[in-house]
Asker: 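First the structure, which I've put down as structure tokens, then a few questions once you've had a look.
Every heavy atom of this structure was used, including side-chain atoms; hydrogens, water molecules and symmetry mates were not. Fair warning: this is a prediction, and the values are worked out from it, not measured in the lab.
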Amino acid sequence: MPNIKSAKKRVLITKKKNARNRSDRSKVNNAIKAFNKAIDSANIEEAERLLPITMSTIDKGVTAGIMHKNAAANKKSAISKRLSDIKSGKVTVVVKKDNKTIAAEKARAAKEAREAARAEFRAKQLEKEAEKAEAKKKKTSKEKAEEKPAKEKAVKEKAEKPAKKTKKAEAKDDAESPAEEPKAE
């Protein structure tokens, strides 16, 4: 750590400039990566849209002093040549897939398969429930149809039979009515 005031100030200024330069360098690199990614994924329209943006970002990097003007010219030439070669058909784009992308696609396919299996299982369950409900309706309608004649039969039997008396009621009736006496003739 410096002891002199001007040296301390120089350390602070260097930190700020370093952070700004790192940010600007990152912007340039990200612009170039985005352009290359568009080309690698065979998205020519997107690459055409990104070309002027990428060149502008590279020029801003030169203005900020991050990159030498000749290095910037070489980068701009390389990306524009790559795009023109693909457009003209000199170079064909082979879509590259890294292990991460392949694993993500497998995971997505497995997830879709699980969801399809769940949907199929749920459809079968709903079908079974519908069949059970239908069977229950038929069963209840049959029971009701059988119940009506049974009820009518029970009502007729009640009307034909005299009501049964309980033992208490019979005892009461016996007590109230006088015993029959033999009639004299």
Side-chain angles (χ1 to χ4, degrees), residues 1-140:
M1 192 67 191
N3 295 327
I4 300 169
K5 187 177 181 183
S6 62
K8 290 179 183 177
K9 186 175 180 182
R10 180 58 46 202
V11 168
L12 295 175
I13 291 170
T14 305
K15 277 186 181 178
K16 284 182 185 177
K17 285 186 176 181
N18 189 0
R20 187 180 312 126
N21 288 342
R22 196 179 309 122
S23 171
D24 289 344
R25 196 175 307 116
S26 175
K27 286 179 187 174
V28 171
N29 289 336
N30 286 340
I32 293 171
K33 282 180 189 176
F35 177 80
N36 286 331
K37 185 178 180 182
I39 288 181
D40 289 340
S41 64
N43 193 350
I44 305 302
E45 295 83 23
E46 181 71 12
E48 287 177 343
R49 186 185 70 79
L50 288 174
L51 182 65
I53 296 169
T54 305
M55 288 191 174
S56 172
T57 307
I58 292 171
D59 288 337
K60 287 178 186 174
V62 170
T63 306
I66 294 167
M67 187 183 290
H68 193 273
K69 62 180 183 176
N70 292 346
N74 287 339
K75 292 234 187 233
K76 292 187 331 186
S77 173
I79 62 174
S80 62
K81 184 177 185 322
R82 189 166 184 214
L83 182 62
S84 66
D85 285 348
I86 289 172
K87 279 179 153 180
S88 67
K90 286 183 182 177
V91 177
T92 57
V93 177
V94 177
V95 179
K96 298 176 186 174
K97 291 185 181 180
D98 58 346
N99 289 338
K100 191 175 182 182
T101 307
I102 293 169
E105 288 176 353
K106 284 182 180 178
R108 191 177 311 115
K111 184 178 179 182
E112 289 174 358
R114 283 194 307 270
E115 289 175 358
R118 282 187 192 131
E120 185 178 330
F121 179 74
R122 185 65 184 146
K124 286 181 180 178
Q125 278 185 331
L126 292 173
E127 190 176 308
K128 285 181 182 178
E129 288 175 6
E131 287 175 4
K132 284 182 181 178
E134 188 71 28
K136 190 174 182 180
K137 282 182 183 179
K138 287 181 180 178
K139 186 177 179 182
T140 54

Asker: Does Ala71 have any side-chain contact (heavy atoms from CB on, under 4.5 Å) partners at least two apart in sequence or in another chain, and if so, which?
Answerer: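 Only Met67, His68 meet the side-chain contact (heavy atoms from CB on, under 4.5 Å) criterion with Ala71.
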
Asker: Is there side-chain contact between Pro2 and Ile4, with heavy atoms separated by less than 4.5 Å?
Answerer: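 Answer no - side chains too far apart.
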
Asker: Taking distance alone, no hydrogens or angles, what donor-acceptor pairs closer than 3.5 Å link side-chain atoms of residues 110-139 to residues at least two apart or in another chain?
Answerer:
unit_1 : atom_1 : unit_2 : atom_2 : d
Arg122 : NH1    : Gln125 : OE1    : 3.2

Asker: Evaluate whether atom CG of Asn99 has more than 12 neighbouring non-hydrogen atoms of other residues, nucleotides or ligands under 6.0 angstrom away.
Answerer: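 Counting other residues, nucleotides and ligands, CG of Asn99 stays at 12 neighbours or fewer.
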
Asker: Tell me, please, which residues at least two apart from Lys76 pass salt bridge (Lys or Arg N to Asp or Glu O under 4.0 Å).
Answerer: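 Result, salt bridge (Lys or Arg N to Asp or Glu O under 4.0 Å) vs Lys76: Asp59.
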
Asker: Kindly write out the residues that satisfy salt bridge (Lys or Arg N to Asp or Glu O under 4.0 Å) with Lys60, not counting sequence neighbours, or none if the list is empty.
Answerer: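 With neighbours one apart ignored, the set is empty.
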
Asker: Would you say Thr14's side chain and Arg10's backbone share a donor-acceptor pair under 3.5 angstrom?
Answerer: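 Indeed, once roles are kept as given, a pair shorter than 3.5 Å links the two residues.
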
Asker: Among residues at least two apart in sequence or on other chains, which ones pass side-chain contact (heavy atoms from CB on, under 4.5 Å) with Arg25?
Answerer: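 side-chain contact (heavy atoms from CB on, under 4.5 Å) list for Arg25, sorted by chain: Asn21, Asn29, Ile66.
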
Asker: In Å, rounded to the nearest 0.5 Å, how long is the span from CG of Asp40 to CD1 of Ile86?
Answerer: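 Asp40 atom CG to Ile86 atom CD1 measures 7.5 Å (nearest 0.5 Å).
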
Asker: Measuring from Lys15:NZ to Asn18:CG, what's the distance to the nearest 0.5 Å?
Answerer: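 These two atoms lie 10.0 Å from each other.
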
Asker: Which residues pass the side-chain contact (heavy atoms from CB on, under 4.5 Å) test with Pro52, sequence neighbours left out?
Answerer: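 Here no residue qualifies.
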
Asker: Search all heavy atoms of Gly61 against all heavy atoms of Val28 and return the closest pair with its distance.
Answerer: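 Shortest heavy-atom separation between Gly61 and Val28 comes out as CA-CG2, 4.1 Å.
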
Asker: According to salt bridge (Lys or Arg N to Asp or Glu O under 4.0 Å), who are the partners of Lys17, at least two apart in sequence or on a separate chain?
Answerer: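 Here no residue qualifies.
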
Asker: What is the distance from atom CD1 of Ile32 to atom CD1 of Ile79, rounded to the nearest 0.5 Å?
Answerer: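 Result: 6.5 Å between the selected atoms.
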
Asker: Partners of Asn36 by side chain to side chain donor-acceptor pair (under 3.5 Å), sequence neighbours excluded?
Answerer: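 Arg82.
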
Asker: Please name all residues satisfying side chain to side chain donor-acceptor pair (under 3.5 Å) with Lys81, sequence neighbours left out, ordered by chain then number.
Answerer: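 Scan of Lys81 (side chain to side chain donor-acceptor pair (under 3.5 Å), adjacent residues dropped) gives Asp85.
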
Asker: Can you see which heavy atom on Val62 is nearest to which on Ala72, and at what distance?
Answerer: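 Reported closest heavy-atom pair: CG2-CB, 3.1 Å.
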
Asker: Just jot down the side-chain contact (heavy atoms from CB on, under 4.5 Å) partners of Lys100, sequence neighbours excluded, or say none.
Answerer: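 Here the qualifying residues are Asp98.
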
Asker: If you look at every heavy atom in Ala47 and Ala38, which pair is closest and at what distance?
Answerer: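 For Ala47 versus Ala38, the nearest heavy atoms are N-CB, 3.9 Å.
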
Asker: Any side chain to side chain donor-acceptor pair (under 3.5 Å) pairs touching residues 47-58, not counting sequence neighbours?
Answerer: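 Qualifying pairs, neighbours excluded: Glu46-Arg49, Glu48-Lys87.
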
